[in-house]
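To find a chain, count down the sequence lines: A is the first, B the second, and so on, and within it residues start at 1.
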Amino acid sequence: MAKVKVGLPQGTRDFSAETVRKRNYIFITIRTVFELYGYQPLETPAMENLDTLMGKYGEEGDKLIFKILNNGLDRTEKHLKAKEDFEKVLEGKNVDGITERALRYDLTIPFARYVAMNHGQLTYPFKRYQIQPVWRADRPQKGRYREFYQCDADVVGSTSLLNEVELVSIYATAFEKLGVGVDIKINNRKILGALAELCGGADKMVDITVAIDKLDKIGIDKVKVELLERGLTEEQVSIIEQYLAIDGSNDQKRAKLAALIGHIEIGKKGIEELTYIYEFFNPESSIVNSETLDPTYVSLTIPDSRFTIDDSRFTIHAPLVFDFTLARGLNYYTGTILEVKARNVQMGSIGGGGRYDDLTGLFGVPNLPGVGVSFGVDRIYDVMEELKLFPEDVQVGTQVLFFNLGEAESRAAFGLMQQLRNKGIRSEIYPEAAKFDKQFKYADKKNIPYIIILGAQELEDGTCAVKDLKKGQQETVSQARLVNYPFKF
RNA sequence: GAGGUUGUAGCUCAGUUGGUUAGAGCGUCAGAUUGUGGUUCUGAAGGUCGUGGGUUCGAAACCCAUCAUCCUCCCCA
């Protein structure tokens, strides 16, 4: 038989049982937190019209959008048009005749498109969460895939900074539940705007932010060189140097920042917004306590001890870190910007978000402000794997295996198995009457804690043997009582 | 888009300055063992050495091309 070459598209992966279970653990944790904060689920198609996506992510972003070739280009009557259109594609243009759809690049723009399409029917403030894969034609490397999941929560129709407070709290809660140590970096585009104003005008803002965003990677000297190359004067660069030299505790940073840009109107506003959010998370001013959480709701959704109220850690706190060099590439942000970085591990950001004043304006519905955050599940997975943070009980699959010891025996076993399944016990029967050795090894491999033996002797006696594989102990139980056997999983 | 790494059995990897028939561990299968697993022992199957060309008496090894992979930059989750 000829060996067929098989493979996956670059940057995509299969997920085996073990991986899927771990990922589900992350999904369910994040989803439960979203629901806990009153966000409603939404799903949108994998593909959007190309012009919905183009131009929303900057020039670089546009290049990374996966485009879908139109069907039917081979039809004879379309050849001439298709060839003309393809010439334009070769020039780097996007042409409807060749490609009019594309895979979604993130969840925020499809959400904005959805809100714009349905704005008459929605109740505002509209809070939605969305957990779906996105695709980017990036070159894969560590922590970077071409297909990956995002978990987004956004609220539109409200300018209140209370939304920011909630989203920061969502980050803090979810990462605490996952056991991932993080810093939630926070900044405000208005602060960056003030710096730009101080350095000769708002038109310099992009140049400045792109350069200072690289501070921790290339160092202050190279940033200065880059700024000069981008046409800033020595004097302006000197101001930026002072800005970048801001350090210390959050309070110290804020004081130094105020001294530098506090006299500028927009800068003052930015600092006020930052301060408002920050003070909610001051350890002295707890505003959320255990009484505000309803454990019954959560336990109805998933039984999960991590969400029971057992301590005072739900008093609000968050590892907020002021980072005035934080810029974030997406150009639609206008206010608060957030980025989550995992501690103790080398990995790009595992979450990001911010406030945008007018995202739906791009789709014809103006004056609808919003703010949102995103979790990068695949990177969170990599971080948790590296730091060994997944609980062991995530991997329990089948709980009971019935041995197959013959035709009549397996029929009896099957009936008992259905009883256990009706009780919610995950059970399976070995499909063939194989040797004991083989069936035991199967149970071992699948990490199944109990096996049940029902052979000729048991069939006659109306019993079965229940064996605990971890302890190596076995006891005989009447078939009628098996359904009430005290399994310990 | 730029730069680098690695491709040998199902998996992880050895393989001498280029030299007979390419190895190990793990896994798989069979047996020791026809109703009691994990251990042990014995045996077996399994390889176009990523692909295509070149150099050579001779290539898994050297050269070129190509594909795949992982990583770095850019940007991002």
Enquirer: Taking atom types as modelled, is there a side-chain donor on A/Glu458 or A/Thr463 under 3.5 Å from an acceptor on the other?
Expert: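 Side-chain D/A pair, A/Glu458 to A/Thr463: absent.
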
Enquirer: Are A/Tyr105 and A/Phe66 an aromatic pair by the rule of ring centers under 6.0 Å?
Expert: no

Enquirer: Strictly below 4.0 Å: does A/Arg139 bring a side-chain N or O up to OP1 or OP2 of B/C75?
Expert: no

Enquirer: If I take atom CG in residue A/Leu8 and atom C1' in nucleotide B/A68, what distance separates them, rounded to the nearest angstrom?
Expert: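 For the pair A/Leu8 CG and B/A68 C1', the rounded distance is 12 Å.
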
Enquirer: Identify whether any heavy atom of A/Gly351 sits under 4.0 Å from a base atom; if not, whether one sits that close to sugar-phosphate; answer base, sugar-phosphate or nothing.
Expert: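 Contact class for A/Gly351: sugar-phosphate only.
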
Enquirer: Could you check whether A/Leu64 gets within reach of a base, just the sugar-phosphate, or nothing at all, counting any heavy atom under 4.0 Å?
Expert: nothing

Enquirer: So what does A/Glu458 touch, heavy atoms closer than 4.0 Å: a base, only the sugar-phosphate, or nothing?
Expert: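 Contact class for A/Glu458: base.
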
Enquirer: Now, which nucleotide makes the Watson-Crick or G-U wobble pair with B/A2, with each of the two distances under 3.5 Å?
Expert: B/U72

Enquirer: Record whether the side chain of A/Arg379 comes under 3.5 Å of the base of B/C76 through a donor-acceptor pair of N or O atoms.
Expert: yes

Enquirer: For B/C70, does either OP1 or OP2 sit under 4.0 Å from a side-chain N or O belonging to A/Gln141?
Expert: no

Enquirer: Across the strands shown, which category fits A/Glu60 at heavy-atom distances under 4.0 angstrom: base, sugar-phosphate, nothing?
Expert: nothing

Enquirer: Once you measure the plane-to-plane angle for A/Phe175 and A/Phe375, does it fall in the parallel (<30°), tilted (30-60°) or perpendicular (>60°) bin?
Expert: tilted

Enquirer: Which nucleotide sits closest to the side chain of A/Gln457: B/G37, B/A77, B/G35?
Expert: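 Looking only at side-chain atoms, A/Gln457 lies closest to B/G35.
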
Enquirer: May I ask you to say what A/Gln10 touches in the nucleic acid, namely base, sugar-phosphate or nothing, with a heavy-atom cut-off under 4.0 Å?
Expert: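 The answer is sugar-phosphate, as A/Gln10 gets under 4.0 Å only of primed atoms, P, OP1 or OP2.
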
Enquirer: Using a cut-off of less than 4.0 Å, is there contact between a side-chain N or O of A/Lys441 and OP1 or OP2 of B/U28?
Expert: no

Enquirer: Rounded to the Å, how far apart are A/Phe402 CZ and B/G37 P?
Expert: 21 Å

Enquirer: Map A/Glu339 and A/Lys142 onto RNA chain B by nearest heavy atom, then report which one ends up closer to the 5' terminus.
Expert: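 Result: A/Lys142.
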
Enquirer: Tell me if the side-chain of A/Asp444 makes a donor-acceptor pair with the base of B/G37, cut-off 3.5 Å, by modelled atom types.
Expert: yes

Enquirer: Tell whether A/Lys467 reaches the base of B/U36 with its side chain through a donor-acceptor pair below 3.5 angstrom.
Expert: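 Yes, a donor-acceptor pair under 3.5 Å.
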
Enquirer: Check the phosphate of B/C73 against A/Lys222, side-chain N and O only, distance under 4.0 Å to OP1 or OP2. Yes or no?
Expert: no

Enquirer: A/Leu405 near the nucleic acid: base, sugar-phosphate alone, or nothing, with a heavy-atom cut-off under 4.0 Å?
Expert: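 The residue A/Leu405 makes no contact with any strand.
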
Enquirer: Hey, which sits more toward the 5' end of RNA chain B by its nearest nucleotide, A/Lys471 or A/Gly376?
Expert: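 The residue mapped nearer the 5' terminus is A/Lys471.
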
Enquirer: What is the separation between atom CD on A/Glu147 and atom C1' on B/C76, rounded to the nearest whole Å?
Expert: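 Whole-Å distance recorded here is 17 Å.
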
Enquirer: Rounding to an integer number of Å, can you tell me how far A/Asp437 CG sits from B/A30 C1'?
Expert: 11 Å

Enquirer: Please report, rounded to the nearest Å, how far the P atom of B/A77 is from the CG atom of A/Asp378.
Expert: 13 Å

Enquirer: Which part of the nucleic acid does A/Tyr145 contact within heavy-atom distance under 4.0 Å: base, sugar-phosphate only, or nothing?
Expert: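 It contacts base atoms.
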
Enquirer: Compute whether any side-chain donor of one residue and acceptor of the other, for A/Gln399 and A/Ser427, lie under 3.5 angstrom apart.
Expert: no

Enquirer: Tell me if the aromatic rings of A/Tyr37 and A/Tyr129 count as close, with their centers under 6.0 Å from one another.
Expert: no

Enquirer: Roughly, in whole Å, what's the span from CG in A/Leu469 to C1' in B/G37?
Expert: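 Checked: the CG to C1' distance equals 7 Å.
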
Enquirer: Give one of base, sugar-phosphate or nothing for A/Lys445, where a contact means two heavy atoms less than 4.0 Å apart.
Expert: sugar-phosphate

Enquirer: Take the protein atom CD1 of A/Ile451 and the nucleotide atom P of B/G37, then report the distance between them rounded to whole Å.
Expert: 10 Å

Enquirer: Examine B/G31: is either OP1 or OP2 under 4.0 Å from a nitrogen or oxygen in the side chain of A/Lys435? Give yes or no.
Expert: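 Yes, such a contact exists.
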
Enquirer: Does the aromatic ring of A/Phe375 sit over the six-membered base ring of B/A77, closer than 5.5 Å centre to centre and tilted less than 30°?
Expert: no

Enquirer: For the pair A/Asp378 (side chain) and A/Phe148 (backbone), establish whether a donor and an acceptor sit closer than 3.5 Å, ignoring hydrogens and angles.
Expert: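 No; judged by distance alone, with no hydrogens or angles, the pair does not exist.
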
Enquirer: Using a cut-off of 4.0 Å on non-hydrogen atoms, how would the nucleic acid contact of A/Asp138 be classed: base, sugar-phosphate, or nothing?
Expert: base

Enquirer: Under 4.0 angstrom, heavy atoms only, what part of the nucleic acid is A/Gly472 near: base, sugar-phosphate, or nothing?
Expert: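 Base contact - A/Gly472 has a heavy atom under 4.0 Å of at least one base atom.
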
Enquirer: Could you check if a side-chain atom of A/Phe280 sits within less than 4.5 angstrom of a side-chain atom of A/Val168, using non-hydrogen atoms only?
Expert: no

Enquirer: Spell out yes or no: do the side chain of A/Arg136 and the base of B/A77 have one donor N/O and one acceptor N/O closer than 3.5 Å?
Expert: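 By the distance-only test, yes, there is a pair.
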
Enquirer: In whole angstrom, give the distance that lies between atom CG of A/Leu401 and atom P of B/G37.
Expert: 15 Å

Enquirer: Under 4.0 Å between any heavy atoms, over every strand shown, what does A/Ala456 touch: base, sugar-phosphate, or nothing? Just pick one.
Expert: base

